[in-house]
Each structure stands twice: as structure tokens, then as C-alpha cells.
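Atoms considered below: every heavy atom in the structure, side chains included; atoms not considered: hydrogens, waters and symmetry mates.
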Amino acid sequence: MSRLAQTHGLTDVQREILTTVRDFVDKEIIPVATELEHRDEYPQDIVDGLRELGLFGLMIPEEYGGLGESLLTYALCVEEIARGWMSVSGIINTHFIVAYMLKQHGTEEQKDHFLPRMAAGDVRGAFSMSEPALGSDVSAISSKAVRDGEEYVLNGQKMWLTNGGTSSLVAVLVKSDEGHSPEEAAAAPHRSMTTFLVEKEPGFGEVRPGLTVPGKIDKMGYKGVDTTELIMDGLRIPADRVLGGATGRGFYQMMDGVEVGRVNVAARGCGVAQRAFELGVRYAQQRHTFGKQIARHQAIQFKLAEMATKVEAAHAMMVNAARKKDSGERNDLEAGMAKYLASEYCKEVVEDAFRIHGGYGFSKEYEIERLYREAPMLLIGEGTAEIQKMIIGRRLLEEYRFQG
């Protein structure tokens with residue numbers, strides 16, 4: 001076990017889970033990750049192994065067949081998985097966000113119907129907010145749901161769905177002006193959004209009447225996991241598949257899910273940074289220049305020192321954000337800080353490890369080449385650095401309001 005990124009105060013159960021996951025990563029993920037990533041191949045055997053370990057139900061309550069673990073336990077598992085291959089942690093994350101939203105906001109019927117099958121991995125989740133014409137401005141979504149008797153008819157195009165093809169349940173955010181006048185909807189667009197639970201067949205093409213998943217988006221990195229569009233054209237959804245049973249709550253439900261998702265992205269950044277440090281410090285002791293290991297050169301030692309410090313700092317902030325959420329307290333400030341710092345530090349640590357490798361870092365034979373392409377995704381996933389800084393700044397002004 002590495003000296004870096006240790007977490008104090010864990011229970012015996014938590015330590016046992018993490019040891020099991022780390023062993024799985026070392027034996028089943030790291031040896032095959034680069035080859036699968038270069039082929040952009042979905043890691044079915046790895047996913048099956050994680051399912052056998054119970055990780056798809058890690059945070060789902062025991063009454064629904066899950067393990068009932070904390071966000072901290074989940075984040076630490078994600079950190080380990082991302083250390084092996086970040087794409088695998090993405091497969092778990094979107095499933096986890098949908099399960100979390102169901103647990104927190106679903107009706108009893110919705111929980112009973114979905115959570116046991118999600119815990120078993122029989123139903124796999126994805127969630128969808130973004131659209132082609134918008135980035136961080138969620139209030140500008142144009143996809144819409146119109147009531148038609150006991151159903152809603154959904155139309156619109158969604159973008160950047162992780163697990164869009166392999167999932168069988170998608171939480172989709174659309175506008176629904178039901179109960180609001182056009183003036184009210186324009187003044188407070190967040191109150192006119194609803195989350196629908198859309199069941200579909202896994203795969204591509206028309207996956208149910210009115211719903212099409214065109215195919216995988218070709219990406220620079222973050223390969224293996226399928227990232228897709230979602231096209232709704234007269235998609236009919238029963239009214240009982242509105243998350244929570246009432247319209248107009250979708251934005252707040254999604255933001256709750258994204259908040260814990262930001263802890264997840266921070267954990268991914270920590271895991272990738274740890275792996276980059278491991279690769280850098282190992283290569284620095286294997287490579288010789290001017291008659292000695294490059295690790296013996298002061299310039300490389302300085303770089304390793306900076307990398308290790310960033311790994312440790314990011315891990316500490318991620319753990320703090322997870323523990324804050326587990327305590328029942330508001331954690332948007334801590335989650336935003338952790339996501340921002342961990343993703344930025346991850347990029348820097350990966351680049352330093354890339355530099356330590358010299359020309360070999362540019363070769364696809366070396367693992368650091370893959371990490372170098374994966375790290376940028378963390379800078380934009382679950383909100384860009386600029387969005388995190390907006391959240392942090394607003395929350396700080398709330399906490400430190402000047403009374404003049």
C-alpha cells in the first residue's frame with residue numbers, strides 16, 4: 001500500500017472493501033487497460049467483475065439489496081478504480097448518480113421497482129442534462145415534455161451521456177411548463193424542469209419507440225466507456241416515471257446528484273494522479289543519465305516532491321468533501337473545491353510524469369500516454385473549473401457576508 005493518500009479513521013469493513021478493490025484493480029484492470037483503451041473496447045469482463053464485487057450497489061441501502069455504504073467508501077473505491085483506468089470509474093459513476101437520485105428523491109414505488117435491480121447490476125443507469133447548444137447553462141435546455149393524459153410526450157436532443165448505449169435506465173432533464181405561466185417559466189426557468197426516468201434497451205439505434213441513441217462519440221481520451229447523444233422524437237413516458245412524482249423539481253434533483261458526482265470526479269482525479277506519480281517515480285529510478293538514475297538529479301526530485309504533495313492535498317480535500325456530505329451537511333463548497341483542485345492537480349501531476357518519461361512518454365507503449373489524454377476530461381466533467389469557482393465564490397460570500 002502506498003504511503004500517499006492514506007485515509008485515517010476508516011472502519012474494518014471499509015478497509016476490507018478498499019483492499020479488495022485495490023487487489024482487483026492491480027490484477028484485473030491495470031494489466032489490460034491500455035490495450036482496451038487503444039482499441040476503444042468496452043471492458044465487459046472488468047464490469048462483470050465489479051458487479052460480482054457488489055460495487056453497483058455500494059451506496060444503495062441494504063433494504064434494496066445494496067451494501068448501504070457511505071459516500072466516503074464509494075469515493076475511495078472510485079479513487080482506486082480510476083488509478084487503474086478512469087473509464088471504468090465513469091461506468092460506475094453515472095449508475096451511482098441515478099441510484100442516488102432515486103434513493104433521495106424517488107417515490108416508494110420507484111425505489112422498489114429500480115433500486116434492487118440496480119444494486120444487482122441488472123439495471124444500469126445514465127443521466128442526461130446537457131444538450132448540443134449549451135454547455136454549463138442548464139437553464140437554457142430546450143428539450144421539452146408535454147402532458148397528454150396519463151403520459152408525457154418528450155422531444156429534444158441531449159448530449160454527452162456516459163453509458164448512453166450500455167445503460168437501461170436514463171434520468172433525463174427536460175423543460176415542463178406544467179403549472180407555470182410563460183412569464184413565470186421565463187423568470188424562473190429552474191422551476192420548470194422535470195427529471196424523467198426513461199427505461200430503454202441497451203444498444204444503439206432506436207432503443208424504444210421515439211428514442212434513438214445514434215452511436216458512440218469519438219473522443220481524444222476516456223475511451224472504452226460509451227459517450228453518446230440521445231434523441232427524443234415523440235417519446236411517450238408514463239406520468240408515474242416522473243422522478244419523485246411531481247414536475248418542476250428536476251433541476252434541484254439533478255444538482256443534488258451532480259454534487260455527489262463532483263466528489264466522484266475529485267476521486268477520479270486523485271486516482272489518476274496517484275497512478276501518474278507511481279509511473280513517474282518508478283521510471284525515474286529506471287532511467288539513467290550522466291552516470292546515475294535521473295531520480296538522483298535534484299530537478300527530478302523537486303518534481304517528484306511537487307507531484308506527491310499535490311496527490312496528498314487533493315486526496316485530503318476529496319475525503320473532507322465526502323465526509324461532509326455523509327454527515328448530512330451541505331457540501332457544495334467543499335465538493336466544488338475538491339473537484340476544482342483535484343482535476344487541476346491531476347492535469348499537472350500527469351504532465352510532470354509525462355515530462356519525466358521524456359520521449360518515451362509520447363509512445364503508446366507507455367501507460368503515461370493514455371493518462372495524458374484522459375486527464376483533460378476531468379477539467380470539464382461535472383462542471384468546468386470556471387463553474388466550480390463561481391460556486392465557491394458565491395458560497396464564500398454567503399458564509400463571510402459583510403454586515404456594514
Worksheet, complete the sentence: Here the pair of heavy atoms bringing Asp40 nearest to Lys216 is O-NZ, 3.2 Å
Worksheet entry | Within-4.5 Å side-chain heavy-atom neighbours: Phe96 and Val78 | no
Response to the item:
Here the pair of heavy atoms bringing Ala267 nearest to Ala75 is CB-O, 3.3 Å
Worksheet, complete the sentence: Tightest non-hydrogen contact, residues Ile231 and Gln157, listed as CG1-CG, 4.1 Å
Worksheet item: CD of Glu206: more than 12 outside heavy atoms within 6.0 angstrom?
Response: yes
Worksheet item: Checking side-chain contact (heavy atoms from CB on, under 4.5 Å) against Met232, which of Val153, Asn155, Val172 comes through?
Response: Val172
Item to complete: State which residues pass side chain to side chain donor-acceptor pair (under 3.5 Å) with Glu399; sequence neighbours excluded, sorted by chain then number.
Response: Arg395
Discussion item. Side chains of Lys158 and Ile141, heavy atoms from C-beta outward: is any pair under 4.5 Å?
Written reply: yes
Worksheet entry | Arg22 side chain reached by Thr19 side chain, heavy atoms, under 4.5 Å | no
Discussion item. For Ser142 and Glu131, which I'm curious about, is there any donor-acceptor pair between the side chains at under 3.5 Å?
Written reply: yes
Practice prompt. Just do the side-chain contact (heavy atoms from CB on, under 4.5 Å) check on Met318 and Thr7 with the steps written out, would you?
Written response: CA-CA 11 Å; Met318 179 271 291; Thr7 310; over 6 Å; no
Worksheet item: Which residues satisfy the ring pair (Phe, Tyr, Trp, His ring centres under 6.0 Å) test with His315, sequence neighbours excluded?
Response: none
Item to complete: Ignoring hydrogens and angles, tell me if any N or O in the side chain of Gln110 forms a donor-acceptor pair with the backbone of Gly244 under 3.5 Å.
Response: yes
Worksheet item: Which atom names give the shortest non-hydrogen contact between Ile91 and Pro43, and what distance separates them?
Response: CD1-CG, 3.9 Å
Worksheet item: So, do Ile60 and Lys103 sit near enough that their side-chain heavy atoms are less than 4.5 Å apart?
Response: no
Discussion item. Test of understanding: with salt bridge (Lys or Arg N to Asp or Glu O under 4.0 Å), list the residues that count as partners of Glu312, not counting sequence neighbours.
Written reply: none
Discussion item. Under a plain distance cut-off of 3.5 Å, with no hydrogens placed, do Asn93 and Glu382 share a side-chain donor-acceptor pair?
Written reply: yes
Discussion item. So, using side chain to side chain donor-acceptor pair (under 3.5 Å) as the criterion, who are the partners of Thr73 when residues are at least two apart?
Written reply: Gln14, Glu69, Ser70
Worksheet item: Residues two or more places apart in sequence or in another chain: which of them pass side chain to side chain donor-acceptor pair (under 3.5 Å) with Tyr366?
Response: none
Item to complete: State the CZ-CG distance between Phe127 and Leu243, to the nearest 0.5 angstrom.
Response: 13.0 Å
Worksheet item: Does atom CD of Gln44 have more than 12 heavy-atom neighbours from other groups under 6.0 Å away?
Response: yes
Worksheet item: How many angstroms lie between NZ in Lys175 and NZ in Lys144, if you round to the nearest 0.5 Å?
Response: 8.5 Å
Practice prompt. Give a yes or no on whether the backbone of Gln286 and the side-chain of His288 come within a donor-acceptor separation of less than 3.5 Å.
Written response: yes
Practice prompt. Measure the shortest side-chain to side-chain distance between Ile46 and Val32 over non-hydrogen atoms and say whether it is less than 4.5 angstrom.
Written response: yes
Worksheet item: How would you list, by chain and number, every residue that makes a salt bridge (Lys or Arg N to Asp or Glu O under 4.0 Å) with Glu41, sequence neighbours excluded?
Response: Arg39
Discussion item. Strictly by salt bridge (charged side-chain N to carboxylate O under 4.0 Å, His left out), give each pair with a member in residues 241-262 just once, sequence neighbours left out.
Written reply: Glu109-Arg241, Glu199-Arg241, Asp256-Lys325, Glu259-Lys325
Worksheet, complete the sentence: When every non-hydrogen atom of Thr194 is compared with those of Gly248, the smallest separation belongs to OG1-N, 3.0 Å
Discussion item. Does any part of the side chain of Leu230, heavy atoms only, come nearer than 4.5 Å to the side chain of Val213, both counted from C-beta?
Written reply: yes
Fill in: Pair Glu329-Ser327, side-chain hydrogen bond (donor to acceptor under 3.5 Å, both in side chains): steps then yes or no
CA-CA 6 Å; Glu329 298 180 68; Ser327 71; 3.1 Å; yes
Discussion item. Tell me if a side-chain donor or acceptor on Arg117 pairs with a main-chain N or O of His113 at a distance below 3.5 Å.
Written reply: yes
Worksheet item: Is there side-chain contact between Asn163 and Val170, with at least one heavy-atom pair below 4.5 Å?
Response: no
Worksheet item: Is a donor on one side and an acceptor on the other found under 3.5 Å between the side chain of Gln388 and the backbone of Gly383?
Response: yes
Worksheet item: How would you list, by chain and number, every residue that makes a salt bridge (Lys or Arg N to Asp or Glu O under 4.0 Å) with Arg236, sequence neighbours excluded?
Response: Asp148, Glu151
Item to complete: May I ask you to say whether Glu367 pairs ionically with Arg282, meaning some side-chain N is under 4.0 Å from a carboxylate O?
Response: no
Practice prompt. Identify, with sequence neighbours excluded, every residue that meets side chain to side chain donor-acceptor pair (under 3.5 Å) alongside Asn331.
Written response: none
Practice prompt. State, yes or no, whether a side-chain contact exists between Thr247 and Tyr152 at a heavy-atom distance under 4.5 Å.
Written response: yes
Worksheet item: Which class fits the ring pair Tyr372 and Phe354: parallel under 30°, tilted 30 to 60°, perpendicular over 60°?
Response: parallel
Fill in: Chi angles and distances behind the side-chain contact (heavy atoms from CB on, under 4.5 Å) call for Leu50, Ile81
CA-CA 10 Å; Leu50 294 175; Ile81 293 169; 4.2 Å; yes
Worksheet item: Rounded to the nearest 0.5 Å, how far apart are NE2 of His95 and OG of Ser167?
Response: 11.0 Å
Worksheet item: Within a reach of under 6.0 Å around CD of Glu398, are more than 12 heavy atoms found that belong to other residues, nucleotides or ligands?
Response: yes
Practice prompt. Could you pull out the closest heavy-atom pair between Met159 and Pro132, with the gap in Å?
Written response: CB-N, 3.8 Å
With a cut-off of 3.5 Å and sequence neighbours excluded, list every side-chain donor-acceptor pair involving residues 217-224.
from: Asp218; atom 1: OD1; to: Lys223; atom 2: NZ; distance (Å): 3.4
from: Lys219; atom 1: NZ; to: Tyr222; atom 2: O; distance (Å): 3.1
from: Lys219; atom 1: NZ; to: Val225; atom 2: O; distance (Å): 3.2
from: Lys219; atom 1: NZ; to: Thr227; atom 2: OG1; distance (Å): 3.1
from: Tyr222; atom 1: OH; to: Arg268; atom 2: NH1; distance (Å): 3.1
from: Lys223; atom 1: NZ; to: Lys219; atom 2: O; distance (Å): 2.5

Worksheet item: Should His38 and Glu369 be marked as a side-chain hydrogen bond (donor to acceptor under 3.5 Å, both in side chains) after you check the CA-CA gap, both sets of side-chain angles, and the distance that decides it?
Response: CA-CA 11 Å; His38 287 166; Glu369 180 270 342; 3.3 Å; yes
Discussion item. To the nearest 0.5 Å, what is the distance between CD1 on Ile368 and OG1 on Thr34?
Written reply: 10.0 Å
Item to complete: Mind checking the CD-CZ spacing from Glu201 to Arg208? Nearest 0.5 Å is all I need.
Response: 10.0 Å
Fill in: Point-to-point distance, once rounded to the nearest 0.5 Å, from CD1 of Ile294 to OG1 of Thr289
6.5 Å
Under 3.5 Å, side-chain donor or acceptor atoms of residues 302-310 against the rest of the protein: list the pairs with distances, not counting sequence neighbours.
from: Thr309; atom 1: OG1; to: Ala305; atom 2: O; distance (Å): 2.8
from: Lys310; atom 1: NZ; to: Glu348; atom 2: OE1; distance (Å): 2.7

Fill in: Pair His357-Leu279, side-chain contact (heavy atoms from CB on, under 4.5 Å): steps then yes or no
CA-CA 9 Å; His357 280 75; Leu279 295 173; 4.1 Å; yes
Discussion item. Filter on side chain to side chain donor-acceptor pair (under 3.5 Å), then keep only pairs touching residues 334-347, sequence neighbours left out; what's left?
Written reply: none
